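Please read the structure below before turning to the comments.
Note that the coordinates shown come from a computational prediction; the quantities given were computed from them, not determined experimentally. Remember, it's 1-based here, ligands and their atoms both numbered in the order they're listed.
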Amino acid sequence: MKPIIFSGMQATGVPSLGNYVGAVKNWVELQKDYSCLFCVVDMHSITIRHDPAEFRKKCRELLTLYIAMGLNPQEHIVYFQSHVPAHAELAWILNCFTYMGELSRMTQFKDKSKKNEDNINAGLFTYPVLQAADILLFNTKLVPIGDDQKQHLELCRDIAVRFNKIYGDIFVVPDAYIPPVGAKIKSLQEPTKKMSKSETANLNNVIHLLDPPDVIIKKFKRAVTDSLNKIEYNPEEQPGVSNLLTIYACATNQTMQQCLAEFANTTSYGNFKLKVGGAVVAMLEPLQKRYHELIADTAYIDEIIANNAERANQLAQTTLTKVKNAIGFMPKSQ
Ligand code: TRP
C-alpha cells in the first residue's frame, strides 16, 4: 500500500499558470509514488454565493482540466466533494472537537470576513473543519499545500491528535508536503504578488490555463520588467525579469542556470518576453488540446465522475464507520 496524498482546489476562476507549475505539475509527479485523491472542493465554495448554472459549469471544467493536466482518474481518484456525503458527516463530528477560539484565530477567516462583510456565515467560520474532514477521511499521510493553507493543516493535525487521544488511533495525522522545487509564479503586472486565479481586476496579471495562444503572447508582451536592461535572476532588484525567468525555466524544463546562459546575450526585453510567451504557449498546447477533446466527450467524463465518486465513497465509509463506532453511535442493524 502506497502512502496517501489528498489535495483539493476550489472551482473559482480558471486555474492559472501559477496553479499548474506551482501545484498540479507536482501532483502529476507524486502519482508515481503515492495513492492520490484530487478533489474539487465544491462544498467549500458555497461559503460565498454563486450563480448555480455557472458554478456547475466551473466545477465540471475544473475536474476536466485536472485530467487534461495529467491527473489519472483510473489509478487515482479525481472527484467532487459533494458526491461523498461522508465529508459533511465527518465535518459535523469534528466541529464538536474544534474550539471557537481556534477557528477565530484563522487568518483566512479574518481576511475573508473583511472581504465579505455582508455574508459572514457560519460556513466561513467552520471552513477549516470541513477541510480537516476532507483530509482525515482518507488516512491521508501528505497534503501538498501552499503557504496560505499551512495554518489550516496545523489545525487539522491538532484535531486529529485530540480525537486520537480520546478514542485511540483512529486518524492518521497528516503532514504538509512541501515540493522540492516550489516554483512560485508571480503576477505579470505586479511581480511581487502571487499570480492568483481569482484575479478579476486586471486580467493582464494572470495567465489562465485555457487562454488562447494570442492572448498568452499579448499578456507576456505587456509583462512588467524594469529599466536595467539585463537579464539576471534577482527577485529583489528585478522582480519582473526574475519571474519571467522562473516561468521560462518551468516551461522549458531547464535549470535557472541554463536559462541565464541562453539569454546571456539578449539585451532586448521585448525579445525575451516573446520567448517566454512562446515557451508557455508550447507547454500549454497539448494540455489545452486534451482539455477541449475531453470536455466535448460528455459520456466519458460522466463515467469518470460516477466511477470516481463511487470509489471515494467506499474509502470514506471505512473511516467514517470507525469514527462513528468510536464515538458510540448506534450501529445500523443489517
Ligand atoms: N482550502 C483549500 C484552498 O483554498 C482547498 C482545500 C479544501 C484543500 N480542502 C482541502 C486543500 C484539503 C488541501 C487539502 O486552497
Side-chain angles (χ1 to χ4, degrees), residues 3-16 18-20 22-24 26-27 30 34-48 50 55 58-59 62-63 65-66 71 76-92 94-95 98 102-103 106-113 115-116 121 123-160 171-179 182 184-185 194-199 312 315-316 319:
I4 294 165
I5 282 204
F6 184 98
S7 199
M9 207 184 269
Q10 290 201 40
T12 39
V14 186
S16 72
N19 296 124
Y20 180 53
V24 182
N26 284 317
W27 302 357
L30 291 169
Y34 296 88
S35 263
C36 306
L37 295 113
F38 302 111
C39 186
V40 175
V41 291
D42 49 359
M43 285 158 62
H44 278 104
S45 297
I46 64 166
T47 51
I48 53 173
H50 302 281
F55 179 46
K58 283 263 171 61
C59 289
L62 179 58
L63 184 127
L65 204 46
Y66 266 177
L71 302 184
H76 302 275
I77 300 183
V78 183
Y79 74 107
F80 294 113
Q81 189 184 29
S82 65
H83 286 186
V84 179
H87 285 270
E89 288 187 76
L90 184 61
W92 169 254
L94 298 183
N95 266 323
T98 309
E102 289 177 307
L103 293 175
M106 295 292 126
T107 54
Q108 198 166 71
F109 170 67
K110 291 189 232 175
D111 291 347
K112 286 194 181 172
S113 321
K115 278 193 205 146
N116 304 286
N121 57 68
L124 201 59
F125 190 61
T126 59
Y127 178 113
V129 184
L130 178 59
Q131 183 164 348
D134 299 344
I135 296 166
L136 298 178
L137 260 184
F138 297 100
N139 300 322
T140 305
K141 190 66 211 135
L142 289 180
V143 188
I145 42 164
D147 289 342
D148 62 332
Q149 295 298 315
K150 277 192 182 151
Q151 200 185 23
H152 287 169
L153 188 69
E154 246 344 279
L155 177 68
C156 171
R157 289 169 54 88
D158 289 346
I159 297 171
F171 294 127
V172 172
V173 182
D175 288 310
Y177 175 81
I178 314 287
K184 292 206 174 72
I185 305 298
K194 95 170 190 190
M195 183 183 281
S196 165
K197 72 179 156 96
S198 341
E199 169 77 70
L315 290 175
T319 311

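- Going from atom CD of Gln151 over to atom SG of Cys156 covers 13.0 Å, rounded to the nearest 0.5 Å.
- Note: an N/O pair closer than 3.5 Å links Gln131 and ligand 1 by distance alone.
- At distances below 3.5 Å, at least one donor-acceptor pair connects side-chain atoms of Lys197 with backbone N or O atoms of Thr12.
- When heavy-atom distances to ligand 1 are checked against a 4.0 Å cut-off, Ile135 comes that close only through its side chain, counted from C-beta outward.
- The residue Met9 has no part lying near ligand 1, judged by heavy-atom distances below 4.0 Å.
- Thr319 places a side-chain N or O within donor-acceptor distance of the main-chain N or O of Leu137, the cut-off being under 3.5 Å.
- What sits closest to atom 12 (C) of ligand 1 on the protein, heavy atoms only, is Phe6 CE2, 3.5 Å.
- Those atoms of ligand 1 that come under 4.0 Å of a heavy atom in Val41, given as number and element, are 7 (C), 9 (N).
- Below 30°, between 30° and 60°, or above 60°: for Phe6 and Tyr79 the angle between ring planes is above 60°, a perpendicular geometry.
- Of the possible polar contacts, none joining the His76 side chain to the Phe38 backbone as a donor-acceptor pair under 3.5 Å is found.
- The shortest N or O to N or O distance between Ser7 and ligand 1 is not below 3.5 Å.
- At the top of the distance list for atom 5 (C) of ligand 1, counting protein heavy atoms only, stands Gly8 O, 3.7 Å.
- In this model, a donor atom of one side chain and an acceptor atom of the other lie less than 3.5 Å apart for Ser16 and Asn19.
- Within ligand 1, counting atoms from 1 as listed, the ones closer than 4.0 Å to a heavy atom of Val143 are 13 (C), 14 (C).
- Of the N or O atoms in Asp134, one or more lie within a sub-3.5 Å distance of an N or O in ligand 1.
- Interface atoms of ligand 1 facing Tyr127, defined by a heavy-atom separation under 4.0 Å, are 1 (N), 2 (C), 3 (C), 4 (O).
- In this structure, the side chain of Asp42 does not engage the main chain of Ala11 through any donor-acceptor pair within 3.5 Å.
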Item to complete: Let me see the working for Gln149 and Gln131 under side chain to side chain contact (heavy atoms under 4.5 Å, CB included), right down to the final yes or no.
Response: CA-CA 10 Å; Gln149 295 298 315; Gln131 183 164 348; 3.2 Å; yes
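- For ligand 1, the polar-atom distance check finds an N/O of Gln149 within less than 3.5 Å of one of the ligand's N/O atoms.
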